[in-house]
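Note that the structure is predicted; figures quoted are calculated from it, not measured.
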Amino acid sequence: MQQGPQYPYPQYQPPPQYPGYPPPKSGGKTALIVVLVVAGVLLLGGVGVGAFFLLTGDHKRSSASPASSAPAGEPDKYSSLPRCSEVGNRMNNLPPLSSDGPAEPASTSDDKIQLSRLSCSWMKPGSSSGTLSMFLAKSTLPGSGDGPGYAKAGYENAVNDGAKPITEKIGKATEAADVDYGQSGTMQCGVRFYQGNVDVTVVVTAADPSDRNVERCRRNAHSLAKAASESLE
């Protein structure tokens, strides 16, 4: 078979450059990319700094709030102690009062409180006698609760040593307990109670060594303890 005429394929020629239009440069795209990257970094940096200050502020507020809401200790309820005559005037048929001096400073190794003590005694030959000791604990730091804590600890120590909590109300006492001092000699019975920041001990001694009426002794001790409690103002 005869072949038809052969036509050579034209070779590819680049498009002509028109005058007035320079060829595009790749550097322009690179500069645009760099500008966009830098802008993104700056934007993210600004957001990060703002978040840092925001989170830091929140942290400071959250860490400060527990301190401001921390509960304070029980405040001191009393700032002074009564005189012995003020206690005795609340009872009938007490023996004569030995002395009526004011409360005096008492020594303590606890630097969180300032301690003062009132000591009273009523006695007469042939009759029952009574003694009273009051300790006022003032908190060195107001509102710390150290004063009431001292008074409560004295009561709890007595209970741990065998004192029996009293279920009936003794005056305005917070808690009170009966204390037995043994029956080997003359009968003695007492009451230990605390009221606010005051620690109180009352002891009643029977007149007759042969008297073994425990219930009567305790009634007398309760009466003296109630008078002591109600004299605190």
Assess whether atom CG of Asn93 is packed by more than 12 heavy atoms of other residues, nucleotides or ligands within 6.0 Å.
-> no

Can you find a pair of side-chain heavy atoms, one from Lys226 and one from Val191, that are under 4.5 Å apart?
-> no

Heavy-atom pair with the smallest gap, counting every atom of Ser128 and Pro95 = O-CG, 3.1 Å

Residues that Arg83 engages under salt bridge (Lys or Arg N to Asp or Glu O under 4.0 Å), provided they are two or more places apart | Asp100

Pairs involving residues 187-200, ordered by first then second residue, that meet salt bridge (Lys or Arg N to Asp or Glu O under 4.0 Å) (sequence neighbours left out) | Arg192-Asp199

Backbone N/O of Ala137 and side chain of Asn197: donor-acceptor pair under 3.5 Å | yes

Co-membership, hydrophobic cluster, residues Leu132 and Tyr78, 4.5 Å side-chain = yes

Any donor-acceptor N/O pair, Asp180 side chain to Cys189 backbone, under 3.5 Å | no

Verify, without hydrogens or angle tests, whether Ser223 (side chain) and Arg219 (backbone) share a donor-acceptor contact under 3.5 angstrom.
-> yes

Tightest non-hydrogen contact, residues Gly130 and Leu224, listed as CA-CD2, 4.2 Å

Note: Tyr194 and Tyr155 closest approach over all heavy atoms is CD2-CB, 3.5 Å

Between Ser229 and the options Gln195, Lys172, Lys169, the side-chain hydrogen bond (donor to acceptor under 3.5 Å, both in side chains) test singles out Gln195

Any residue meeting salt bridge (Lys or Arg N to Asp or Glu O under 4.0 Å) with Glu233, in chain and number order, not counting sequence neighbours = Arg90

For Asp110, enumerate each residue passing the salt bridge (Lys or Arg N to Asp or Glu O under 4.0 Å) test, keeping only those at least two apart in sequence or located in another chain.
-> none

Would you please say whether a donor-acceptor pair under 3.5 Å links the side chains of Ser121 and Ser98?
-> yes

Do Val179 and Gln188 have side chains that get closer than 4.5 Å, going by heavy atoms?
-> no

Val87, Leu232: one ILVMFWY side-chain cluster at the under-4.5 Å cut-off?
-> yes

Please walk me through it: do Asp146 and Thr140 pass side-chain contact (heavy atoms from CB on, under 4.5 Å)?
-> CA-CA 8 Å; Asp146 293 322; Thr140 303; over 6 Å; no

For the pair Glu230 (side chain) and Gly171 (backbone), establish whether a donor and an acceptor sit closer than 3.5 Å, ignoring hydrogens and angles.
-> no

Within-4.5 Å side-chain heavy-atom neighbours: Thr205 and Met187 | no

What pairs of residues pass the ring pair (Phe, Tyr, Trp, His ring centres under 6.0 Å) test when at least one of them lies in residues 110-152, not counting sequence neighbours?
-> none

Side-chain donor/acceptor of Asp208 to backbone N/O of Ser210, under 3.5 Å | yes

Minimal non-hydrogen separation, Gly145 against Pro148, with atom names | O-CD, 3.6 Å

Would you say the side-chain atoms of Thr201 pair up with the backbone N or O of Ser133, donor to acceptor, closer than 3.5 Å?
-> no

For the side chain of Ser116 and the backbone of Ala103, is there at least one donor-acceptor N/O pair under 3.5 Å apart?
-> no

Just wondering, do Cys120 and Leu118 contact through their side chains at under 4.5 Å, heavy atoms?
-> yes

For the residue pair Ile170 and Glu175, establish whether any side-chain heavy-atom pair is separated by less than 4.5 Å.
-> no

Looking at CE of Met134 and OG of Ser119, how far apart are the two atoms once the value is rounded to the nearest 0.5 Å?
-> 11.0 Å

Write down the atom of Glu74, the atom of Gly196, and the distance for their closest heavy-atom approach.
-> OE2-CA, 4.4 Å

Which atom pair, heavy atoms only, marks the closest approach of Leu94 to Gly88?
-> CD1-CA, 3.7 Å

Can His222 and Ile166 be said to form a side-chain contact (heavy atoms from CB on, under 4.5 Å), step by step?
-> CA-CA 10 Å; His222 287 195; Ile166 302 173; 3.6 Å; yes

Consider only side-chain heavy atoms of I, L, V, M, F, W and Y, link residues closer than 4.5 Å, and tell whether Leu81 and Leu97 are in one cluster.
-> yes

Salt bridge (Lys or Arg N to Asp or Glu O under 4.0 Å): which pairs involve residues 111-139, sequence neighbours left out?
-> none

Same cluster (ILVMFWY, side-chain, under 4.5 Å), Val203 and Met123 = no

For Ser139, does its backbone N or O pair with a side-chain atom of Asp76 as donor and acceptor, under 3.5 Å?
-> yes

